[in-house]
Chemist: 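The structure's right below; bear with me while I get my questions together.
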Amino acid sequence: MLSIDFIRDNPERVRKALHDKGHEDAGDDLVGQVLTLDEERREKLTNLQDLQHESNEASERIGELMRQNKKDEAQDLIDRSKTLKQRISTLEDEADDAEKRRDAALLRIPNVPHESVPVGHSPDENETLREEGEKPSFDFEPQPHWALAERHDLIAFERGAKVTGAGFPFYLGKGARLQRALVDYFLDLADERGYREMQPPLFANADSARGTGQLPDKEDLMYEIGRDELFPIPTAEVPVTNFFRDEILDEDDLPLKFCAYTPCFRREAGSYGKDVRGLNRLHQFDKVELVRFERPESSYDALEELLADAERPLRQLGLPYRVLLMCTGDMGFTQAKKYDLEVWSAGQERWLEVSSVSNFTSYQARRLNARCRSDPESDTRFVHTLNGSGLALPRVVAALIEQNQQADGTLVLPDALAERTDFKRIGGR
RNA sequence: GGAGAGGUGGCCGAGCGGUUUAAGGCGCUCCCCUGCUAAGGGAGUAUGCCCUUUAACAGGGUAUCGAGGGUUCGAAUCCCUCCCUCUCCGCCA
């Protein structure tokens, strides 16, 4: 969430952010509501604290009188304290209520986009910054990955659907081996760039989901184990970013960089058609995630570095891709700036998102209560959090096998990968 | 899953209804003393929020002793619920 001080000082900027991100509720002025509720809260609080002060002094005095055995005088004060106490209790409830309502409204205000972010309301208004690599051309009709996967018995979609449901495939033989090699490869690349490997829990509690912003607004994204109030993670971002929840970090230790391989679980309600064909959109998929904790002043430099780190595996695998700068309307609630990496799917002739690289500035950190400070004397401030996929596997697998298909239907892996599998070729001899 | 013990400031650790505005120690910061080193002396050392004030500082108040609720004029201390940690037993990859 945003700082209430920031909203107090910059109401118009926040209103603009709300508008640009398309989170305006028709007609009602969320910023105005927050400010009003905030004033209400502060008034009640001041009032309450005055009474608490009075009550504390009375109690202290009573203690004194009791020690001196002046019971009668004490009794008078006790009677007065009792009435005071009732007023305190009422005011407490009111102040509490005002704070809850303020915070509820505050949670509905999105992060403010960075000034370099283009204003726009549809995906068409995202900026394509560059295209890297050459799209392949074939002297035969290239097949989509699901056809190739079936032909070489790499993935069992139907059986997955039988066992769990659509979007939960089995990977088999060289298909499974390929995925394992990719995970290993991506982690090694991240390690080379100074990201410390982490194996996080695959379930997170509600506090954690709130911390990174999956709750309350993206509730439908996650599966839920109601019985234990846990959520299978939709991305490693959730557990990894929550690692430092409620902690104060030493700024000398920043930046802190982590990478984590995890399966990810997403309900993906409402998707259909070509979007969900084959590996395009799954309910369970593997991903290597990069997460960074940064000083506020360096988070945008870190974002550029993170982008480069996310691009590296695509380059090395020789996959054509493009870099998009997301416009205000197409970026998430919690993000201040976001790039998407899209890989070229040669069999489907379309771009597939494989990474999303974002700076959340202090927005997540404030929810997480993750702070930092330069030395014990100075004030604390909220760290800046960033994350990016490096990378999500299924679409990379799809692009890989489509791009590397041969006229005879066999698949030839790029050398970088073949070093890690014990084969270079799938199919044929 | 069963039985027991326990969660106190950066760390250790006392406190078990009102001389606690959380003892004492360690660590850390600043100052003094000292030719250097060692030792010694003094002061300070949590976080959020509210108010006053400011260019910055600062001051006052309030809440927080795992979390939430209750008893009381007053709770770290008593009661209830939950969470977590440790020990022993059982089960298990």
Side-chain angles (χ1 to χ4, degrees), chain A residues 1-9 34-107 199-211 225-231 239 242-254 263 362-383:
Chain A
M1 59 185 145
L2 293 177
S3 130
I4 184 68
D5 296 325
F6 180 81
I7 299 175
R8 258 185 238 148
D9 296 341
V34 166
L35 292 176
T36 308
L37 287 168
D38 179 52
E39 245 172 80
E40 189 186 324
R41 166 180 170 270
R42 277 150 60 206
E43 194 191 313
K44 302 266 189 209
L45 206 59
T46 307
N47 233 316
L48 169 68
Q49 292 185 350
D50 284 347
L51 290 185
Q52 283 173 327
H53 179 50
E54 211 177 317
S55 164
N56 284 345
E57 282 192 328
S59 291
E60 211 172 302
R61 180 77 188 129
I62 290 168
E64 242 172 81
L65 290 170
M66 297 295 262
R67 259 177 275 128
Q68 294 166 10
N69 243 315
K70 296 181 184 165
K71 291 250 167 69
D72 291 348
E73 271 184 70
Q75 192 54 49
D76 284 352
L77 258 182
I78 289 175
D79 291 342
R80 257 191 288 161
S81 277
K82 279 186 182 171
T83 23
L84 199 55
K85 204 201 155 184
Q86 286 188 332
R87 283 163 62 206
I88 287 176
S89 165
T90 316
L91 254 179
E92 235 166 19
D93 290 347
E94 287 176 14
D96 226 56
D97 182 60
E99 179 165 313
K100 280 204 181 101
R101 284 185 297 140
R102 180 196 70 166
D103 287 347
L106 209 48
L107 277 176
Q199 292 190 7
L202 302 183
F203 296 159
N205 57 29
D207 281 344
S208 299
R210 235 187 315 277
I225 302 171
R227 196 173 158 188
D228 299 297
E229 293 179 277
L230 291 173
F231 302 88
N242 273 280
F243 190 67
F244 292 118
R245 177 147 52 88
D246 292 321
E247 293 193 33
I248 299 175
L249 304 173
D250 187 339
E251 286 188 21
D252 291 343
D253 295 336
L254 300 180
S362 61
Y363 194 90
Q364 282 184 331
R366 197 166 279 107
R367 287 190 178 195
L368 294 160
N369 191 28
R371 291 166 291 170
C372 63
R373 71 176 142 206
S374 49
D375 61 89
E377 303 299 299
S378 54
D379 287 338
T380 62
R381 44 189 191 156
F382 289 100
V383 290

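These numbers were taken from a predicted model, which means no experiment stands behind them. Every chain is numbered from 1 and lettered A, B, ... according to where its sequence line falls, protein lines coming before strand lines.
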Chemist: Rounding to an integer number of Å, can you tell me how far A:Glu247 CD sits from B:G9 P?
Modeler: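 From A:Glu247 CD to B:G9 P: 15 Å.
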
Chemist: Can a donor-acceptor pair be found between the side chains of A:Arg366 and A:Ser3 at a distance below 3.5 Å?
Modeler: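 There is no such pair between these side chains.
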
Chemist: Taking A:Arg210's backbone N and O only, do any of them form a donor-acceptor pair with A:Arg367's side chain (distance below 3.5 Å, no angle check)?
Modeler: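 Flag set: sc A:Arg367 to bb A:Arg210 pair under 3.5 Å.
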
Chemist: For the backbone of A:Ser208 and the side chain of A:Asn205, can you confirm whether one donor and one acceptor N or O come within less than 3.5 Å of each other?
Modeler: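 Judged by distance alone, yes, a pair lies under 3.5 Å.
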
Chemist: For A:Asp38 and B:G48, give me the distance from atom CG to atom C1', rounded to whole Å.
Modeler: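 Taking CG of A:Asp38 and C1' of B:G48, I get 15 Å after rounding.
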
Chemist: Which parts of nucleotides 67-85 of chain B does protein reach within less than 4.0 Å, heavy atoms only, written one letter per nucleotide 5' to 3' as B for base, S for sugar-phosphate only and - for none?
Modeler: -----BBS-----------

Chemist: Tell me what A:Asn56 touches on the nucleic acid: a base, only sugar-phosphate, or nothing, going by heavy atoms under 4.0 Å.
Modeler: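 Sugar-phosphate contact only - A:Asn56 comes under 4.0 Å of backbone atoms but never of a base.
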
Chemist: What integer distance in Å separates A:Glu43:CD from B:C50:P?
Modeler: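 After rounding, the gap between these two atoms is 14 Å.
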
Chemist: Stems involving RNA chain B: give each as a range paired with a range, ordered by first number, where a stem means at least three consecutive Watson-Crick or G-U wobble pairs under 3.5 Å.
Modeler: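 As far as RNA chain B goes, consecutive pairing (with distances under 3.5 Å) yields the stems B:1-7 with B:83-89, B:10-12 with B:24-26, B:27-32 with B:40-45, B:46-52 with B:58-64, B:66-70 with B:78-82.
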
Chemist: Between A:Asp50 and A:Ile248, which has a closest nucleotide on RNA chain B that is more 5'?
Modeler: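 Result: A:Ile248.
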
Chemist: When rounded to the nearest Å, what value does the distance between C1' atoms of B:A14 and B:G24 take?
Modeler: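 Result for the C1' pair: 7 Å, nearest Å.
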
Chemist: How far does the C1' atom of B:C32 sit from the matching atom of B:A23, given to the nearest Å?
Modeler: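 Taking atom C1' in both B:C32 and B:A23, they lie 27 Å apart.
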
Chemist: Is the phosphate of B:U62, meaning OP1 or OP2, less than 4.0 Å from a side-chain N or O of A:His53?
Modeler: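 It does, given that an N or O in the side chain of A:His53 lies less than 4.0 Å from OP1 or OP2 of B:U62.
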
Chemist: Working note: A:Arg61 + A:Glu64, criterion salt bridge (charged side-chain N to carboxylate O under 4.0 Å, His left out); need CA distance, chi angles, decisive distance, verdict.
Modeler: CA-CA 5 Å; A:Arg61 180 77 188 129; A:Glu64 242 172 81; 3.2 Å; yes

Chemist: When rounded to the nearest 0.5 angstrom, what is the spacing between OG1 in A:Thr90 and CD in A:Glu92?
Modeler: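 Between A:Thr90 OG1 and A:Glu92 CD, I get 9.5 Å after rounding to 0.5 Å.
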
Chemist: Which residues satisfy the side chain to side chain donor-acceptor pair (under 3.5 Å) test with A:Ser55, sequence neighbours excluded?
Modeler: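 For A:Ser55, no residue satisfies side chain to side chain donor-acceptor pair (under 3.5 Å) once neighbours in sequence are set aside.
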
Chemist: Mind checking the CG-CZ spacing from A:Asp38 to A:Arg42? Nearest 0.5 Å is all I need.
Modeler: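 Answer rounded to 0.5 Å: 5.0 Å.
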
Chemist: Taking only the C1' atom of each, what is the distance from B:C65 to B:G13 in whole angstrom?
Modeler: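 Each nucleotide's C1' atom is 13 Å from the other's.
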
Chemist: Over how many whole Å does the gap from A:Asp379 atom CG to B:U47 atom P extend?
Modeler: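 A:Asp379 atom CG is separated from B:U47 atom P by 8 Å.
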
Chemist: Using the P atom as the reference point in each nucleotide, state the distance between B:C84 and B:C79 in Å, no decimals.
Modeler: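 These two P atoms come out 22 Å apart once rounded.
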
Chemist: In whole Å, what is the span from the CZ atom of A:Arg373 to the C1' atom of B:U47?
Modeler: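 Taking atom C1' of B:U47 as the reference, CZ of A:Arg373 is at 9 Å.
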
Chemist: Given B:G18, is OP1 or OP2 found less than 4.0 Å from the side-chain N or O atoms of A:Arg61?
Modeler: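 No.
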
Chemist: For the C1' atoms, the ones on B:A5 and on B:G66, what distance do you get once it is rounded to whole angstrom?
Modeler: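 It works out to 16 Å between them.
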
Chemist: Would you mind classifying the nucleic acid contact of A:Arg80 as base, sugar-phosphate or nothing, using non-hydrogen atoms under 4.0 angstrom?
Modeler: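 No contact at all - A:Arg80 keeps every heavy atom at 4.0 Å or more from the nucleic acid.
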
Chemist: Which residue is it: A:Leu51, A:Leu45, A:Asn47? I am looking for the one with a side chain to side chain contact (heavy atoms under 4.5 Å, CB included) to A:Gln49.
Modeler: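 Considering A:Leu51, A:Leu45, A:Asn47, a side chain to side chain contact (heavy atoms under 4.5 Å, CB included) with A:Gln49 is found only for A:Leu45.
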
Chemist: Using the P atom as the reference point in each nucleotide, state the distance between B:U8 and B:A76 in Å, no decimals.
Modeler: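 About 15 Å, rounded to a whole number of Å.
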
Chemist: Round to a whole Å and report the spacing from CG of A:Leu48 to C1' of B:U62.
Modeler: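 My rounded result for the distance is 8 Å.
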
Chemist: Tell me, please, which residues at least two apart from A:Glu251 pass side chain to side chain contact (heavy atoms under 4.5 Å, CB included).
Modeler: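 Residues passing side chain to side chain contact (heavy atoms under 4.5 Å, CB included) with A:Glu251: A:Leu254, A:Arg295, A:Cys372, A:Ser374, A:Arg381.
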
Chemist: More 5' along RNA chain B: A:Asp5 or A:Glu60, using each one's nearest nucleotide?
Modeler: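 The residue whose closest nucleotide sits nearer the 5' end is A:Glu60.
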
Chemist: Can you measure from CD (A:Glu99) to CZ (A:Arg102) and round to the nearest 0.5 angstrom?
Modeler: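 If we round to the nearest 0.5 Å, A:Glu99:CD and A:Arg102:CZ are 5.5 Å apart.
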
Chemist: Under 3.5 Å, is there a donor-acceptor pair linking the side chains of A:Glu60 and A:Asn56?
Modeler: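 Result is no, nothing qualifies.
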
Chemist: Polar-atom pairs under 3.5 Å, protein N or O versus N or O of nucleotides 53-55 of chain B: list them with distances, or write none.
Modeler:
none

Chemist: If you measure from the C1' atom in B:C89 to the same atom in B:G10, how many Å do you get, rounded?
Modeler: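 Looking at atom C1' only, B:C89 and B:G10 are 37 Å apart.
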
Chemist: When the P atoms of B:U19 and B:U62 are considered, how many whole Å apart are they?
Modeler: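 Their P atoms lie roughly 16 Å apart.
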
Chemist: Nearest-Å distance, CD (A:Glu92) to P (B:C50)?
Modeler: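 Answer to the nearest Å: 17 Å.
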
Chemist: With sequence neighbours left out, what residues match A:Glu40 under side chain to side chain donor-acceptor pair (under 3.5 Å)?
Modeler: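 Here the qualifying residues are A:Arg101.
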
Chemist: Given salt bridge (charged side-chain N to carboxylate O under 4.0 Å, His left out), test A:Arg80 with A:Asp76 step by step and report yes or no.
Modeler: CA-CA 6 Å; A:Arg80 257 191 288 161; A:Asp76 284 352; over 6 Å; no

Chemist: Distance check needed: B:U52 C1' versus A:Gln49 CD, whole Å only.
Modeler: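 Going from CD in A:Gln49 over to C1' in B:U52 covers 13 Å.
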
